[in-house]
Amino acid sequence: MMAPLGRGIAGPGDDLLLPPQRPFRILHVSTGNVCRSPITERLHRRALELRLGAQCSGGLLVESAGTWGHEGAPMEAHAATVCSDYGADPAGFIGRELLDEHVIRADLVLTATRDHRAQVISMGHSAGLRTFTLKEFNRLVRAIDPATLPDPDPDLPDGGLVERARALVGAAAALRGWLLAPNPESDEVYDPYGAPITFFRSIGDEINQALDPVVTALTGVPARA
């Protein structure tokens with residue numbers, strides 16, 4: 001789902017002189033980029049569509065890559081089934097190996113495990129304050145008072161959500177040392193590669209539940225009942 005290019009407020013013709021609005025990039029990272037991170041990417045995109053409308057990303061761009069990514073590979077078949085279970089479209093997915101440029105461009109990196117998080121941070125690029133495991137970020141954003149975040153603004157080209165997302169990441173980073181996981185395993189999404197569809201579906205449910213408060217915090221729009 002590509003974010004629409006927006007422009008600032010300008011007089012007639014002046015918008016052509018202004019740079020395009022930069023989207024807020026969210027990067028999901030796992031190992032092979034054929035199971036966990038593709039599921040998370042497509043479920044995240046679907047959740048944004050449900051809250052913001054199919055034609056409006058609110059300036060939020062969701063991507064994925066793998067630390068040992070199968071470059072050019074399709075999504076694993078069971079992973080595609082899980083995406084479809086949740087109404088997300090698995091079509092057209094192409095696996096990617098995680099590169100420096102992906103980390104440099106990302107405003108928020110959400111990883112499947114703590115090991116993935118460490119690998120992203122070890123790449124440098126000041127990634128430490130914007131890299132979390134998915135479940136870690138879930139835990140942190142649930143502790144943030146939404147009233148402390150900028151409100152969405154429909155009059156802005158990006159709906160005001162880029163500023164809100166940046167504030168959310170900053171607030172989560174500030175909380176990280178104070179709100180620890182009850183145990184290390186609680187921040188992990190385990191690899192279903194090679195497992196039966198039942199295990200893939202349990203992982204899909206974990207990912208979906210972890211994403212729900214994250215997407216609500218990013219957009220200011222709760223999930224529909």
Side-chain angles (χ1 to χ4, degrees), residues 1 26-51 60 62-70 73-90 93 95-96 98 106 108-120 130-144 165 168-169 172 175-176 179-219 221-225:
M1 179 176 58
I26 302 168
L27 178 67
H28 291 289
V29 175
S30 63
T31 303
N33 194 216
V34 292
C35 296
R36 288 168 291 180
S37 51
I39 292 172
T40 315
E41 173 197 308
R42 295 305 170 96
L43 264 58
H44 198 159
R45 291 185 184 186
R46 177 60 176 163
L48 289 172
E49 289 176 358
L50 290 173
R51 287 166 170 79
L60 305 178
V62 183
E63 304 172 303
S64 66
T67 56
W68 290 88
H70 297 262
M75 191 184 307
E76 202 276 346
H78 287 340
T81 297
V82 169
C83 288
S84 298
D85 287 345
Y86 288 93
D89 186 2
F93 180 84
R96 303 192 304 175
L98 182 67
L108 171 62
V109 183
L110 297 176
T111 69
T113 69
R114 293 168 295 150
D115 183 59
H116 296 131
R117 181 184 63 194
Q119 290 181 66
V120 172
R130 51 193 167 90
T131 302
F132 309 80
T133 74
L134 172 62
K135 289 186 175 181
E136 174 190 22
F137 198 65
N138 166 289
R139 182 176 70 254
L140 296 171
V141 300
R142 286 188 289 112
I144 295 169
L168 182 68
V169 172
L175 275 177
R176 178 151 47 190
L179 193 61
L180 302 178
N183 57 71
E185 288 70 31
S186 65
D187 279 345
E188 305 281 289
V189 176
Y190 291 106
D191 192 356
Y193 187 77
I197 185 62
T198 51
F199 187 64
F200 267 84
R201 285 187 163 129
S202 70
I203 292 299
D205 185 58
E206 282 185 35
I207 290 170
N208 189 59
Q209 290 189 44
L211 278 174
D212 183 71
V214 171
V215 177
T216 297
L218 285 166
T219 64
V221 181
R224 297 174 183 175

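Values reported hereafter were calculated over all heavy atoms of this structure, with side chains retained and with hydrogens, waters and symmetry mates removed. Predicted model only: the values in this text are computed from it and were never measured.
Closest non-hydrogen pair, Ala165 versus Leu60, comes out as CB-CD2, 4.2 Å. For the pair Gly204 and Val82, the tightest heavy-atom approach, listed with the atom from each and the gap, is CA-CG1, 3.8 Å. Residue Leu43 comes nearest to Ala88 through the heavy atom pair CD1-CB, 4.0 Å, listed as atom of the first residue, atom of the second, then distance.
Both tests hold for Arg176 against Phe132: distance to the six-membered ring centre under 6.0 Å, angle to the ring axis within 45°.
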What verdict does the side-chain contact (heavy atoms from CB on, under 4.5 Å) test give for Phe200 and Glu76, after you've listed the backbone C-alpha separation in whole Å, the side-chain angles of each residue and the deciding distance to 0.1 Å? CA-CA 10 Å; Phe200 267 84; Glu76 202 276 346; 3.4 Å; yes
Could you walk me through whether Arg36 and Thr113 pass the side-chain contact (heavy atoms from CB on, under 4.5 Å) test, one step at a time? CA-CA 10 Å; Arg36 288 168 291 180; Thr113 69; 3.6 Å; yes
Working note: Ser37 + Val29, criterion side-chain contact (heavy atoms from CB on, under 4.5 Å); need CA distance, chi angles, decisive distance, verdict. CA-CA 5 Å; Ser37 51; Val29 175; 5.8 Å; no
Show the numbers, then the answer: is there a side-chain contact (heavy atoms from CB on, under 4.5 Å) between Phe137 and Val109? CA-CA 10 Å; Phe137 198 65; Val109 183; over 6 Å; no
Evaluate side chain to side chain donor-acceptor pair (under 3.5 Å) for Thr216 paired with Arg51, printing each intermediate quantity in order. CA-CA 8 Å; Thr216 297; Arg51 287 166 170 79; 3.1 Å; yes
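A side-chain donor-acceptor contact under 3.5 Å links Arg45 to the backbone of Val62. Within the 3.5 Å criterion, the main-chain N or O of His70 finds no donor-acceptor partner in the side chain of Asn33. The main-chain N or O of Ala210 is found under 3.5 Å from a side-chain atom of Asn138 such that the two form a donor-acceptor pair.
A salt bridge does not link Arg114 to Glu136: none of the charged nitrogens lies less than 4.0 Å from a carboxylate oxygen. A salt bridge is absent between Asp89 and Arg42; no separation between the charged side-chain nitrogens and carboxylate oxygens falls under 4.0 Å. In this structure, Asp212 does not pair ionically with Arg142, as no charged nitrogen and carboxylate oxygen lie closer than 4.0 Å.
Not a single side chain to side chain donor-acceptor pair (under 3.5 Å) links Thr133 to another residue, sequence neighbours left out. Asp187 meets the side chain to side chain donor-acceptor pair (under 3.5 Å) test with Arg139; sequence neighbours excluded.
Within a 6.0 Å sphere centred on CZ of Phe199, heavy atoms belonging to other residues, nucleotides or ligands number more than 12.
Side-chain contact check for Cys83 versus Phe93: every heavy-atom pair is 4.5 Å or farther apart. Within the 4.5 Å cutoff, the side chain of Val34 has no heavy atoms near those of the Met75 side chain. Residues Leu50 and Val215 fail the side-chain proximity criterion, which asks for heavy atoms closer than 4.5 Å. Here the side chains of Tyr86 and Asp205 are in contact, with some heavy-atom distance below 4.5 Å. A 4.5 Å side-chain heavy-atom check between His44 and Glu41 finds every atom pair outside the cut-off. Inter-residue side-chain proximity for Ser186 and Lys135 is flagged as unmet; no heavy-atom pair is nearer than 4.5 Å. No side-chain heavy atom of His78 sits under 4.5 Å from any side-chain heavy atom of Pro192. Side-chain contact check for Pro90 versus Ser84: some heavy-atom pair is nearer than 4.5 Å.
The distance from atom CD1 of Ile39 to atom CD1 of Ile203, rounded to the nearest 0.5 Å, is 8.0 Å. In this structure, the separation between OG on Ser64 and CG on Leu98 is 10.0 Å, given to the nearest 0.5 Å. Within the model, atoms CD1 of Ile207 and SG of Cys35 stand 9.5 Å from one another, a figure rounded to the nearest 0.5 Å. Between atom OG1 of residue Thr111 and atom CD of residue Glu188 there is a gap of 8.0 Å, rounded to the nearest 0.5 Å.
Applying the side-chain contact (heavy atoms from CB on, under 4.5 Å) test between Val120 and each of Leu27, Asp115, Thr131 identifies Thr131 as the sole match.
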